[in-house]
Amino acid sequence: MNELMEIRRKKLQDLIDSGIDPYGGKFERTHHTKDIIDRFEELEETEVVIAGRLLSSRTHGKASFADLEDGKGRIQLYVRVDQVGEAAYELFNKLDIGDIVGVRGTVFRTKRQELSVRVKEVTVLAKSLRPLPEKWHGLKDVELRYRQRYVDLIVNPEVREVFVIRSQIIQALREFLIERDFLEVETPMLNVIPGGANARPFVTHHNALDMDLYMRIAPELYLKRLLVGGFEKVFEIGKNFRNEGISTKHNPEFTAVEIYQAYADAEDMMKLTEELFATIALKVKGTTEIEYGPHKISLAPPWPRIPMLEAVKQYAGVDLTGLSDEEARQLAKEKGLTIKPNASYGAVLDEFFDTFVEPNLIQPTFITEHPVEVSPLAKRKKDNPQVTERFEPFIVTWEMANGFSELNDPIDQEQRFRSQMEQRASGDDEAHMMDEDYIRALEYGMPPAGGLGIGIDRLVMLLTNSPSIRDVLLFPHMRPRILD
RNA sequence: GAGCCAUUAGCUCAGUCGGUAGAGCACCGGACUUUUAAUCCGGGUGUCCCGCGUUCGAGUCGCGGAUGGCUCACCA
């Protein structure tokens with residue numbers, strides 16, 4: 001323990017010795033600091049009771065100033081020895097930055113026009129035993145900011161703001177869907193067969209049943225079972241878990257919304273996507289014109305739509321139309337792409353797209369008509385069964401969402417699963433597993449439907465101009481490390 | 001998983017050529033009854049991320065490791 005902490009422990013003991021409970025209980029406030037600032041004229045010279053954390057202090061001998069911050073703002077405290085008495089004044093001056101206190105006093109304005117509270121009584125509510133980072137530079141060390149987010153939140157107000165906006169985004173999303181008659185549901189996160197995405201799952205174990213379970217990688221197959229069951233418009237907001245690498249755009253657990261609408265198709269879901277992004281931006285930012293890094297982005301609908309094959313033709317200057325698997329692989333090699341030896345035509349197209357097209361998609365753009373091999377849950381296009389009625393909107397080069405006309409043909413679905421199983425057998429551990437019960441559900445009849453999944457963390461990154469997913473996660477995943 | 005970079009006081013950061021470890025803020029003591037990055041006087045509080053090595057001598061050089069950041073790979 002360092003000297004600074006020893007000094008605070010000593011002060012803690014002094015409080016206890018003088019009969020003061022350093023960790024007080026319920027404290028009745030009459031106002032928040034923000035009320036005093038917003039309604040100063042009305043409250044001037046009236047008594048208020050407020051509470052919060054001391055963030056700075058300026059002592060001047062027989063008078064002292066300090067700043068008190070609560071959940072909604074900050075206000076200056078002013079204490080004079082001739083108004084509170086020697087004992088209370090000494091107690092006040094012994095408080096540390098970081099201590100949580102309750103204050104009774106009157107509202108006034110100082111000579112320098114600072115809105116303040118003239119303290120009459122101070123109650124210690126929580127003695128702080130660790131020093132806070134300095135007020136001017138705050139906490140910069142990103143590792144400490146993520147590991148000790150509570151400290152980051154105390155000293156960096158702009159960080160707090162990001163998480164307020166995150167909450168507003170999710171609220172706006174929920175309102176948007178509920179207004180349109182979607183039903184919010186919850187489906188299992190502990191899965192016997194993880195499905196709905198190509199991803200490696202986390203494995204866990206149920207002791208009483210003595211069986212391994214998987215953390216879900218997507219709620220998709222459950223939500224479509226609900227369409228079978230007769231719910232026509234459903235959505236779920238929740239965590240997905242994928243046992244993959246960590247990066248500025250990937251966290252092992254991330255939040256997504258999945259939306260399903262019976263009797264709709266990919267076209268309807270694209271319209272819903274555009275409208276949803278624009279509505280949320282308007283509600284949270286007040287405009288559909290936003291800035292991300294150096295880019296000015298317009299989220300106003302409609303967004304352009306480009307079939308994947310077209311996009312590759314346009315940006316890579318390569319036409320893959322009608323090529324066989326072998327021809328496609330050959331072309332990939334010529335262009336210097338690294339592909340798996342047995343890569344399908346669809347996988348090659350996907351690779352061309354990732355390399356040559358994706359980095360150019362700054363403004364919102366729907367990429368459509370993904371190959372059937374990489375879209376095992378999407379309905380085939382009527383006039384070209386090699387591609388699907390699928391779309392992915394890209395903004396600032398990121399895939400923001402994924403949607404399609406849902407495959408509701410149980411026989412085709414079973415074949416798609418079998419083909420996935422083959423890929424799995426040949427070493428692709430991200431390929432889908434066979435889900436017999438899902439096939440069974442489809443056999444009862446699922447209405448044609450449009451589906452959409454949106455990565456909420458990326459949406460929040462976009463709308464808060466955050467360069468890393470860790471900046472929009474309160475507690476991003478870190479390797480464990482014990483701080484001193 | 002690979003490459004590059006970083007790690008020095010509670011925080012933000014300097015540290016030259018390898019020669020006794022520095023600043024600001026915070027903190028402690030003193031002065032000060034309207035300050036607001038208060039001011040003035042005095043005080044440096046340290047496992048220089050860890051280990052091994054080179055050297056008369058390592059914060060500094062070499063090797064290994066830890067953690068983090070960025071890029072790549074995988075993915076959303």
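Lettering follows sequence order; numbering is per chain, from 1.
- A donor-acceptor contact under 3.5 Å links the side chain of A:D82 to the base of B:U33.
- The side chain of A:I7 lies closest to B:C27, out of B:C27, B:U35, B:C11.
- Residue contacts shown for A:R479 are limited to sugar-phosphate atoms, with no base heavy atom under 4.0 Å away.
- Side-chain N/O atoms of A:R112 include one lying less than 4.0 angstrom from OP1 or OP2 on B:U35.
- Regarding contacts with the backbone of B:G68, every side-chain N or O of A:R470 stays at 4.0 angstrom or more from both OP1 and OP2.
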N/O-N/O pairs, protein side and nucleotides 44-48 of chain B side, under 3.5 Å:
{"unit_1": "B:U45", "atom_1": "O4'", "unit_2": "A:E3", "atom_2": "OE1", "d": "3.4"}

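- Under the 3.5 Å distance criterion, with hydrogens and angles disregarded, a donor-acceptor pair is assigned to the side chains of A:D70 and A:T33.
- Phosphate contact (OP1/OP2 of B:U35, side-chain N/O of A:R58, threshold under 4.0 Å): absent.
- With a cut-off of 3.5 Å on both pairing distances, the Watson-Crick or G-U wobble partner of B:U39 is B:A31.
- The C1' atoms of B:G10 and B:C28 are separated by 14 Å, rounded to the nearest whole Å.
- Under the Watson-Crick or G-U wobble criterion, with both distances below 3.5 Å, B:U47 has no partner in any strand shown.
- Here the options are A:W303, A:F353, A:F366, the test is ring pair (Phe, Tyr, Trp, His ring centres under 6.0 Å), and the partner is A:F394; only A:F353 passes.
- Side-chain atoms of A:Y146 and A:D141 form no donor-acceptor pair, as typed in the model, at a separation below 3.5 Å.
- Nucleic acid contact class of A:R481 (heavy atoms, under 4.0 Å, all strands): sugar-phosphate only.
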